[in-house]
Amino acid sequence: PTFFWLDVLCNNQHNSTAFPAGCWAAAFKDAVKAMGNVLVVLTPWQDPLPLRRAWCLMELVTVVEAGVPMHVAIPSSQHAAFLKAMREDSYGTIAGIAESVDVQQAEAFNPADKELILKTLRALHAGVGKGETEKGATNEHEIEDSVNVNKEKIVEPNQSAKMVSEGANESEGKDTTSNASTLTATIHTHLKQWYMGLCMSLAEKAKDGGLLHALASHAAKNNDLDAAAALYEQALALKGSVLGEAHLDTAATHTALGYLCLQQGEVKRGLEHHEHALRICQHTAGELQRQRAATYLGLGAAHEAKGEHDLARDFYLKDLELSLETSGEKSEATARAYMNVGRVLESKGDDTGALEYYLKAVVIVLDKKDMATADLCVRIASIYQYRGEYNSSLPHLQEALTIYTSLLGPDHITVAGVCMGIGNVYKENEKYDLALEYLTKNLTITKATFGDSHVETGKSYMSLGKMFEDQRAFGRALDCFTRAFTIFQEKLGVSDSLTSLAKQRRSRCESVSVRSSVSSLASPPRPVVISSV
């Protein structure tokens with residue numbers, strides 16, 4: 001048989017203020033502990049009424065703190081809309097619902113009840129926090145709560161009420177807004193778990209591996225990689241049993257899980273999933289080109305992560321071939337393929353080949369003005385500068401500077417790096433005024449970001465010193481090299497190569513300055529010409 005606990009029949013809420021503050025939490029806690037399970041009906045699912053009621057929030061927190069299993073349900077008539085929203089953006093959907101919950105704004109029919117409830121909630125929450133600290137518990141289901149309930153014995157209600165009431169009195173006078181914020185955050189955390197669990201349960205019931213795949217993708221985008229991996233594994237198992245191991249949708253999940261494994265550093269597992277996806281594509285009638293391209297891309301990434309650059313290049317070239325065939329020369333997919341091939345060639349030391357593919361990619365993506373485009377421009381400029389072609393690097397550095405400044409702001413450290421590159425170009429062209437402008441900006445941003453004594457600040461002084469040295473402003477160069485040497489010696493030690501280089505440059509400038517001084521002293525004075533009348 002199923003038993004229901006009806007609070008209106010068990011507790012006289014019309015006379016609530018006549019009882020101690022902790023009475024209701026204690027009574028409810030004792031009841032749910034005896035029953036062992038709680039079901040919460042969240043309706044309407046996108047704005048659940050229980051999350052707006054102070055009494056309901058108190059009950060939810062009490063259940064969580066008591067460690068009683070919580071089950072969440074929504075009416076079947078709302079399943080379709082709920083699953084649709086979760087499929088499109090599970091994390092955003094859940095976060096939106098959770099963030100709308102505010103303990104301070106919760107409603108109660110009787111205003112006096114609300115204050116009583118908030119006081120009880122603060123006491124319960126503070127008591128559990130104290131218990132966690134004293135007992136060192138790591139699992140919420142193992143934590144003794146503020147009423148000090150023994151796991152094998154239920155405390156009498158009156159005793160529980162007294163102890164919770166004492167906890168409430170202790171919490172009075174504290175920052176209620178801060179306590180309420182902490183409670184709200186606790187509810188947010190559990191609410192996200194409940195909704196995600198409900199979604200997974202409904203997906204498994206409907207045998208919808210695609211939904212589990214979507215949930216995994218959202219988790220990965222939110223950097224919740226462990227959750228994403230577990231969801232992809234569940235999606236893979238469900239798709240394999242429902243669609244079959246050789247279905248293209250199964251291959252898609254293998255591909256996604258392969259990428260995730262690479263992100264987590266599990267290169268071998270990632271490669272296995274990508275190879276599995278490729279076998280499915282090769283043996284599936286009417287295979288989808290897009291899935292095959294994704295598989296080639298994943299295999300390229302896996303081999304690149306293993307340092308197998310020749311194999312990576314071969315798979316990236318296959319991805320490029322398919323992208324050109326299916327998407328065309330000017331597509332983002334083709335640009336991505338060009339960049340991948342270029343990156344592997346650069347890793348192999350083939351700068352000429354890498355530059356060829358990078359230049360093809362940048363023509364396609366230049367109008368996007370995003371971070372990837374700016375990063376590509378910097379790669380191109382770096383190759384040009386490595387080859388000594390400074391003038392060819394300048395337009396790409398200027399494009400990167402414009403994009404980074406727009407997206408990150410003028411004082412971002414990434415902007416400083418590009419300024420150093422531009423300053424070095426102008427130094428090589430002996431345009432010292434412009435070089436000084438950009439190298440000074442680099443130093444200013446670097447000092448503001450890292451401080452006066454950071455290694456990166458020392459590097460900025462070195463660049464500025466080299467410019468002054470080329471300009472034959474040896475006094476100013478000496479000052480920069482001395483500052484760099486002091487930083488490197490302190491941070492890296494006397495034997496570091498940067499310390500040695502700064503010391504060498506400093507010594508050279510010192511010797512030039514001494515020779516210049518001696519030369520000026522040894523020169524005979526110019527004769528004074530006295531004109532006669």
Subject >> Student check: side-chain heavy atoms of Leu324 and Glu329 closer than 4.5 Å >> reply: yes

Original post:
Hey, are Asp351 and Tyr384 close enough side-chain-wise for a donor-acceptor pair under 3.5 Å?
Top reply: no

**OP:** Answer with yes or no whether the side chains of Glu321 and Tyr296 bring together a donor and an acceptor at under 3.5 Å.
**Re:** no

Original post:
Are the side chain of Lys306 and the backbone N or O of Val267 linked by a donor-acceptor pair below 3.5 Å?
Top reply: no

Subject >> Intermediate values then yes/no, salt bridge (Lys or Arg N to Asp or Glu O under 4.0 Å), Lys491 and Asp496 >> reply: CA-CA 10 Å; Lys491 300 297 182 181; Asp496 187 83; over 6 Å; no

Subject >> Cationic N near anionic O, under 4.0 Å, Lys466 to Glu469 >> reply: no

Original post:
Distance-only, no hydrogens or angles: does the Thr405 side chain make a donor-acceptor pair with backbone N or O of Thr402 under 3.5 Å?
Top reply: no

**OP:** Drop me the distance from Ile487's CD1 to Asp452's CG, to the nearest 0.5 angstrom.
**Re:** 7.5 Å

**OP:** Among Val101, Thr43, Ile97, find the one that has a side chain to side chain contact (heavy atoms under 4.5 Å, CB included) with Pro48.
**Re:** Ile97

**OP:** Check the angle between the aromatic planes of His273 and His254 and answer parallel, tilted or perpendicular using the 30° and 60° thresholds.
**Re:** tilted

Subject >> Member of Arg313, His309, Arg343 meeting the side chain to side chain donor-acceptor pair (under 3.5 Å) criterion with Glu304 >> reply: Arg343

Original post:
Honestly, is Lys441 close enough over Tyr438, meaning NZ or CZ under 6.0 Å from the six-membered ring centre and within 45° of the axis?
Top reply: no

Subject >> Validation row, ring centre Tyr259 to ring centre His274 under 6.0 Å >> reply: yes

Original post:
Of the options Lys427, Lys431, Arg505, which is the one that meets Asp470 in a salt bridge (Lys or Arg N to Asp or Glu O under 4.0 Å)?
Top reply: Lys427

Subject >> Donor-acceptor contact below 3.5 Å, side chain Thr457 vs main chain Ser453 >> reply: no

Original post:
Do we see a donor-acceptor contact under 3.5 Å between the side chains of Thr93 and Arg87?
Top reply: no

**OP:** Could you give me the CA-CA distance, side-chain angles and deciding distance for Arg483 and Asp479, then say whether salt bridge (Lys or Arg N to Asp or Glu O under 4.0 Å) is met?
**Re:** CA-CA 6 Å; Arg483 290 173 185 267; Asp479 179 63; 3.1 Å; yes

Original post:
Taking atom types as modelled, is there a side-chain donor on Asp370 or Thr373 under 3.5 Å from an acceptor on the other?
Top reply: yes

